[in-house]
Amino acid sequence: MARDDDRQVYEAGKAEPKWQRLWTEKGCFETGEGGERPASDRPTYYVLEMFPYPSGRIHMGHVRNYAMGDVVARAKSAQGFDVLHPMGWDAFGMPAENAAMERNSHPAKWTYANIDAMREQLKAMGLAIDWSREFATCDPEYYAQQQALFLDFLDADLLTRKSATVNWDPVDMTVLANEQVVDGRGWRSNAPVEKRELTQWFFRITDFAEELLEAIDTLDGWPEKVRVMQRNWIGKSRGIEIPFALTAPAAGIGAVDCYTTRPDTLRGASFLAISPEHPLSIALSEGNADIAAFRDECRLAGTSEEALEKAEKRGLDTGLSVVHPVYPEKTLPVWIGNFVLMDYGTGAVFGCPAHDQRDLDFARKYDLPVVNAFHMPGETADVGTEALVPAKTEEVVYTEHFAGLEKATSNAGIDTTIDWMEAKGLGKGQVRYRLRDWGLSRQRYWGCPIPVVHCDACGIVPEKKENLPVRLPDDVTFDRPGNPLERHATWKHTTCPACGKEATRETDTMDTFVDSSWYFARFCSPRAETPTDRAEVDRWLPVDQYIGGIEHAILHLLYSRFFARAMAKTGHLSPDSVEPFRALFTQGMVTHETYSRKVKTNEGVERDVFFTPDEVTRGEDGVMRDAAGEAVTVGPTIKMSKSKRNTIDPEEIIARFGADTARWFMLSDSPPERDVEWTEAGAEGAARHLQRVWRLVTEAADKLGDTRDPATGTSDLRKTTHRAIRAVTDDIAAFRFNKAVAQIYGLTNAVAGDRGDDPAALREAVETLILLMAPMTPHLAEEAWAALGHERMVVETPWPEADPALLKDDRIMMPVQVNGKKRAEIHVDADADKSVVEQAALAEDAIQKLLAGGSPKKVIVVPGRIVNVVL
RNA sequence: GCGGGCGUAGUCCAACGGUAGAGACAGAGGACUUAAAAUCCUUCCAGUGUGGGUUCGAAUCCCACCGCCCGCACCA
C-alpha cells in the first residue's frame with residue numbers, strides 16, 4: 001500500500017549534503033579579509049574552538065566542542081555580527097613520527113592524509129566555518145612565519161639559551177617530556193630514563209611572571225577554576241633568602257643560602273636540610289662514601305607521584321654545622337634530606353619542627369630538637385606529635401619577642417621579620433615564582449626547525465629572514481631511533497649567515513606548544529607574508545570566545561598569553577591584545593558506559609576484557625550480552641577512550657541519524673561545562689524530536705498556505721513564541737545550551753498543541769521555532785525554512801526579535817503564603833499596587849480562616865512574585 | 001596537604017532568596033492497528049546529601065560534617 005505521509009519523514013542523509021553544498025557555493029561563512037572582500041561595517045565577533053590534532057578521525061569530544069562553537073558562530077552571525085570562525089590543524093608532533101616508524105612511511109604523508117579525512121568528517125557536521133582560512137601548523141608557510149617570530153623574539157631578548165636537566169631516553173635517543181616518563185622509564189622504549197644536561201632554547205616567560213599573574217584578575221570572561229589554576233602554576237611567593245654561615249668552611253663553601261616564606265619561624269630552626277643535588281652535597285660526596293651512597297639512593301628513588309607519597313623522609317647528617325643567624329650562640333646541624341628539591345628555592349631549607357609537620361616527623365626520627373617560635377594566645381604547651389600550624393590570618397604570640405614581635409598574625413609576623421632581618425643585614429627579601437622558563441628545544445624531526453646556525457667562528461647565528469623557511473628535508477627515514485635531522489647527509493651543513501664560512505644548522509625543532517601559541521592570530525590573515533597583518537589582527541583580536549577542553553587550562557593558555565605579549569613587544573600584535581582570549585569556555589567530556597568481562601589468562605591471572613557498544617546488546621531481561629550471548633558487566637560511565645573501548649564513532653552516528661541529531665543531542669540535557677553521557681536512547685530521542693519538528697512544519701505549511709500577514713494580538717501562542725525568543729537568545733549568549741534546548745522543546749509542544757485558529761500566529765511560532773533551532777540543527781532548519789516557502793536561506797535570515805509587549809502578562813497568579821507556607825492563590829493585575837495585592841490576599845477565605853479574626857503581624861508583598869502573611 | 005567544583009524525581013537536568021518542575025530520557029495506562037513499529041493523549045515519581053544558623057520565606061546565603069569529581073603538590 002502506498003503511504004501518503006512519505007513526505008513527512010525528514011531524510012537527513014539527503015538534506016544535509018545538499019545544504020552543505022549550497023552554503024559552500026554561496027560562500028556563506030567566508031569572512032572578508034583585506035582586499036578580497038570589503039570589510040563589512042558590522043561589529044566583529046571572533047569565535048574559536050581549540051584546533052584539533054589530526055589523529056585520523058574525529059571523536060565525540062570534537063563533535064561537542066565544534067557543535068558549541070558553531071551555535072555561537074551561527075547565532076552571532078544572525079544577530080548582525082561579522083563572524084570569524086576558522087579551523088586549522090595542530091599538525092606537528094610525535095604521533096606522526098611514531099606512525100612513520102610503524103609504517104616505514106613519512107610523517108607528512110600520514111598527517112596530511114589524516115587532515116583530509118578529518119576535514120571531510122568536520123564538513124559532514126555542517127559547521128559554519130570559513131574553510132578558506134584553513135592551515136596546518138606543519139605547512140611551510142605557517143612555520144616560516146613562526147621562524148620569523150622566533151628571530152624577532154631572539155632580537156628582543158625574549159629567548160635565551162641555557163643548560164638544563166632533561167629526561168633522556170637512551171634507546172630512542174631523544175628528550176622526553178615529563179609526561180612521557182612512566183615510573184622512571186621511557187613510555188615507548190621502556191628504557192630507564194637518564195638525567196642529562198643539555199643546552200636548550202628557552203622562552204623567557206619568567207620575565208612576564210608578575211604581569212601574567214596580575215592580568216589574571218582582568219580575565220573576567222574566564223572560568224574561575226582556570227584562573228586559579230594559572231595563579232597556582234605561576235606560584236608567586238614572598239619570602240627571604242638567608243645565608244647560614246658554616247662553622248667551618250667545607251669544600252670551599254662558606255655558607256648555605258636558604259629560601260623561606262616563613263622567616264617568622266626562624267627562632268624554631270633546629271637543623272638545615274640540603275638537597276642531595278645541592279653543590280655542597282656533591283662536593284662532600286667526593287671524599288665521603290656514605291654521602292655518595294646516600295646521594296645514589298636518592299637519585300634511584302622513583303619520582304612518580306605515588307613514589308613520592310610513600311617515600312620515607314630520610315636524611316644523612318653531614319657532620320657540618322651552621323650558625324643560627326639570629327642567635328649566633330646556637331649552631332644547627334646540616335643534614336642531607338631526600339625531600340629537599342634542588343630546583344625549588346635554593347635547594348636548602350631550615351627545618352622548623354615545631355611549625356611544620358614534615359620537619360617534625362624528621363626531627364622525631366633523627367632525634368633533633370623541637371623549638372617553638374610562637375604559641376596560640378593563652379597556651380604555652382610544647383609541640384607533641386603534631387606541629388602547630390595555624391592559619392596565617394590567626395593571631396599567635398611570638399616567643400621572646402622575636403624580631404620585636406609579640407601578638408600578631410603570621411602574615412604580619414612574616415612582613416615584620418623580613419624588614420627586621422633586611423635592616424640587620426641577615427637576609428634579602430625576595431619574590432619567587434614557581435613558573436620556570438619554557439624550554440622549547442625538542443630532539444625531533446616533525447616540528448618547526450629552530451632557525452639558527454652554529455658557526456665555529458661566530459657562535460650562534462640567527463638565520464636570515466630572507467632564507468626562511470628553514471624547511472624540513474623530505475628525504476628522511478625513521479628506521480633508526482634518534483633525530484633524522486641529526487644524521488641527514490646534507491641538511492645540517494650550511495654556511496654561516498654572518499661570516500659565510502661552513503657551519504651547521506641547529507637540528508632541534510620547537511615544542512609543538514609553540515605552534516598552538518599564536519595560531520589564533522594567524523587565522524586573521526593566514527596568507528600574509530609576515531606573521532600577522534596588523535590591520536587584520538587589530539580588527540579581530542582578541543578572540544571574543546574561545547572554547548576547548550579543561551586539559552589546556554594551564555600550559556596552552558599560559559603560553560598563548562605569553563606569546564601575545566611577546567608578539568606585542570615585537571610589533572606583531574596590538575598592545576590591546578596581550579590577553580588573546582576575552583572569554584574562555586571549557587566544555588565537559590563525553591562519557592559512555594563501559595562493558596567488560598573478567599577473563600582468566602593462560603597464567604591464571606584475571607583481567608578485564610572490554611567490549612565496544614556495538615558488540616553488546618541488551619536482552620529483554622535487561623542483561624547486556626555479547627554477540628555470543630554471554631553476559632557482560634556494565635561498568636562505570638567514563639570518558640570515551642580507546643583503551644576502555646567505550647567510544648562511539650561520530651561518522652557512524654552522522655550516517656545513521658544525521659549531523660543535526662548528533663549536534664542536538666550534544667547540546668541537550670547536560671550543562672556544557674559538565675560531562676555528558678552518550679546514550680543510545682538519548683540519540684534516538686534527539687532524532688525523534690527532529691522528525692517531530694519536521695512533521696509539525698510540513699503540517700503547518702499546509703495549514704498556513706501562503707499567509708504572509710504579520711501576526712497580531714496577544715494570544716498565548718504568541719506569548720509563548722516571544723518568550724522562547726527571549727529565553728533562547730539569553731541562554732545561547734550565556735552558554736546554557738541545555739536550557740535553550742529545553743525552551744525549544746517547550747515551543748515545539750506549544751506549536752503541536754495549537755489548534756490552528758490563528759494562522760498568522762501559528763506561522764510566527766513555527767518560523768520562530770525554526771530560526772531558534774537553526775544554530776543547533778542548521779540543516780533541518782534550512783530544509784524546513786524552504787518548505788515554509790522562503791527563498792532566502794536561514795543563514796541569510798536575521799535572528800528573531802522578542803516583542804517586549806508579549807513578554808509580560810496583564811493578569812497574573814500570585815501564591816499567598818502564611819508564615820512561609822503556601823495557603824492560597826490570588827489573581828491580580830500584573831501592575832497592581834502592593835496595597836491592592838495585600839487586600840486581595842487577606843480577603844481570601846483560606847487566609848481569613850487562618851487569621852481567625854486577628855490581624856497579621858506583617859504582610860510582605862513581592863511584586864509579581866508572592867505574598868507572605870506573617871502571623 | 002592546598003585549591004576549585006558538584007550533591008534536586010529511577011536517570012540527565014530546571015528553578016532573580018519567593019508555589020520545588022522548564023525540558024528530556026526511562027516507566028505505566030490508553031487511542032490508532034489484525035498485530036507491531038511510528039505517532040498521539042493521559043499519567044506515576046522527589047521536598048533538594050546530613051546537621052545547625054540567618055530570614056517573613058532557603059535547593060539557593062553562612063558554618064560544620066559526609067560523599068563524589070577535578071587541578072596542584074616533598075613548594076621550604
Side-chain angles (χ1 to χ4, degrees), chain A residues 5 8-9 223-233 235 237 239 258-263 265 273 275 303 305 307-313 337-341 343-352 356-359 361-362 389 432-434 550-551 553-554 586 588-589 637 664-665 668-671 673-677 679-686 688-689 691-692 695 723-724 727 731 736 738-749 752-753 813-825 856-871:
Chain A
D5 58 349
Q8 292 186 6
V9 176
E224 181 59 20
K225 179 189 173 104
V226 176
R227 300 204 289 170
V228 168
M229 283 163 75
Q230 294 234 336
R231 265 188 215 109
N232 292 344
W233 187 262
S237 73
C258 290
Y259 174 72
T260 180
T261 57
R262 292 303 301 269
T265 65
S275 166
T303 50
E305 246 175 67
L308 289 175
E309 195 74 39
K310 289 181 194 152
E312 210 183 337
K313 308 297 177 253
N338 66 346
F339 56 89
V340 185
L341 304 175
D343 52 7
Y344 188 83
T346 59
V349 296
F350 70 78
C352 178
D356 183 288
Q357 192 60 44
R358 188 194 56 206
D359 290 350
D361 295 343
F362 191 83
V389 191
R432 280 180 183 261
Y433 301 90
R434 207 186 71 105
I550 187 74
E551 66 273 20
I554 297 176
T586 53
M589 299 179 301
T637 298
W664 183 256
F665 180 57
S668 308
D669 292 349
S670 288
E673 68 276 14
R674 278 196 226 166
D675 290 353
V676 64
E677 182 184 2
T679 61
E680 181 74 11
E684 284 169 0
R688 249 193 329 265
H689 174 253
Q691 291 296 341
R692 185 180 184 220
R695 226 168 23 245
R723 280 171 191 170
D731 287 338
R736 296 183 296 243
N738 56 323
K739 288 180 66 181
V741 165
Q743 290 294 343
I744 289 168
Y745 275 116
L747 180 57
T748 309
N749 292 340
M813 188 279 289
M814 285 177 80
V816 181
Q817 296 182 331
V818 175
N819 289 340
K821 283 196 174 141
K822 185 189 165 193
R823 300 294 185 189
E825 287 178 1
K857 250 189 225 161
K858 211 199 280 189
V859 178
I860 291 140
V861 177
V862 183
R865 307 295 311 205
I866 204 165
V867 182
N868 193 10
V869 180
V870 186
L871 297 184

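Because only heavy atoms are used, hydrogens play no part in the values below, and waters and symmetry mates are left out as well, while side chains stay in. Letters go in sequence order (proteins before strands), and every chain restarts at 1.
For the pair Lys225(A) NZ and C69(B) C1', the computed distance is 8 Å after rounding to whole Å. Distance CD (Glu551(A)) to C1' (C70(B)): 12 Å, rounded to an integer number of Å. Here A58(B) presents its P atom at 11 Å from CG of Asn819(A), a figure rounded to the nearest Å. The nearest whole Å value for the distance from the CD1 atom in Ile550(A) to the C1' atom in G71(B) is 8 Å. One interatomic measurement links the two molecules: CZ of Arg262(A) to P of C75(B), which rounds to 14 Å at whole-angstrom precision. Put simply, CZ on Arg823(A) is 14 Å from C1' on C56(B), counting in whole angstrom units. The interatomic distance linking Gln357(A) (CD) with C75(B) (C1') rounds to 17 Å, in whole Å.
Between G23(B) and A64(B), the two C1' atoms lie 36 Å apart (nearest whole Å). Taking atom C1' in both G21(B) and C44(B), the straight-line distance is 15 Å, to the nearest Å. One C1' atom belongs to A28(B), the other to G17(B), and the distance between them is 37 Å to the nearest Å. Between C62(B) and C16(B), the distance separating the two P atoms is 16 Å to the nearest Å. Atom P of A58(B) sits at a distance of 14 Å from the matching atom of G52(B), rounded to the whole Å. On the P atoms, A9(B) is 9 Å away from G47(B), given to the nearest whole Å. Nucleotides G10(B) and C56(B), compared at atom C1', are 36 Å apart to the nearest Å. Separating the C1' atom of G29(B) from that of C45(B) is a span of 15 Å, rounded to the nearest Å.
For A76(B), the OP1/OP2 oxygens have no side-chain nitrogen or oxygen of Tyr259(A) closer than 4.0 Å. A close approach under 4.0 Å does occur between a side-chain nitrogen or oxygen of Lys858(A) and OP1 or OP2 of C56(B).
Not counting sequence neighbours, Asn232(A) has no partner by the side-chain hydrogen bond (donor to acceptor under 3.5 Å, both in side chains) test. With sequence neighbours excluded, no residue forms a side-chain hydrogen bond (donor to acceptor under 3.5 Å, both in side chains) with Gln817(A). Taking Arg262(A) as the reference, Asp264(A), Ser410(A) meet the side-chain hydrogen bond (donor to acceptor under 3.5 Å, both in side chains) condition, with sequence neighbours excluded. Take Thr637(A) and apply the side chain to side chain contact (heavy atoms under 4.5 Å, CB included) test, not counting sequence neighbours, and it matches Thr591(A), Glu593(A), Glu677(A).
Although no hydrogens or angles enter the test, the distance criterion places no donor-acceptor pair under 3.5 Å between the side chain of Glu673(A) and the main chain of Thr586(A). Under a 3.5 Å cut-off, the side chain of Ser275(A) and the backbone N or O of Val340(A) do form a donor-acceptor pair.
Heavy-atom minimum distance, Arg865(A) versus Pro815(A): O-CD, 3.2 Å. Of all the heavy atoms in Met589(A) and Asp675(A), the pair that sits closest is N-OD1, 2.9 Å. Considering every non-hydrogen atom in both Val870(A) and Asn819(A), the closest pair reads CA-OD1, 3.4 Å.
Judged by distance alone, the side chains of Tyr745(A) and Ser668(A) never bring a donor and an acceptor atom under 3.5 Å apart.
At the heavy-atom level, Val349(A) lies under 4.0 Å from base atoms of the strands shown.
The side chain of Val228(A) has G4(B) as its nearest neighbour among C74(B), G4(B), G71(B). Ranking C40(B), C72(B), C74(B) by closeness to the Trp233(A) side chain, first place goes to C72(B).
For G51(B), the O4'-C1' to base torsion is more than 90° from 0; the nucleotide is therefore anti.
Residue-to-nucleotide proximity on RNA chain B shows that, of Ser237(A) and Glu224(A), the 5′-proximal contact is made by Glu224(A).
Ring geometry for Trp664(A) versus His689(A): interplanar angle under 30°, hence parallel rather than tilted (30 to 60°).
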For a quick check, with a 4.0 angstrom heavy-atom cut-off, what is the B/S/- contact string for nucleotides 9-28 of chain B, read 5' to 3'? ---BSSSB-BB--BBSSS--
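Stem analysis of RNA chain B (at least three stacked-register Watson-Crick or G-U pairs, each with both distances under 3.5 Å) gives B:1-7 with B:66-72, B:10-12 with B:23-25, B:27-31 with B:39-43, B:49-53 with B:61-65.
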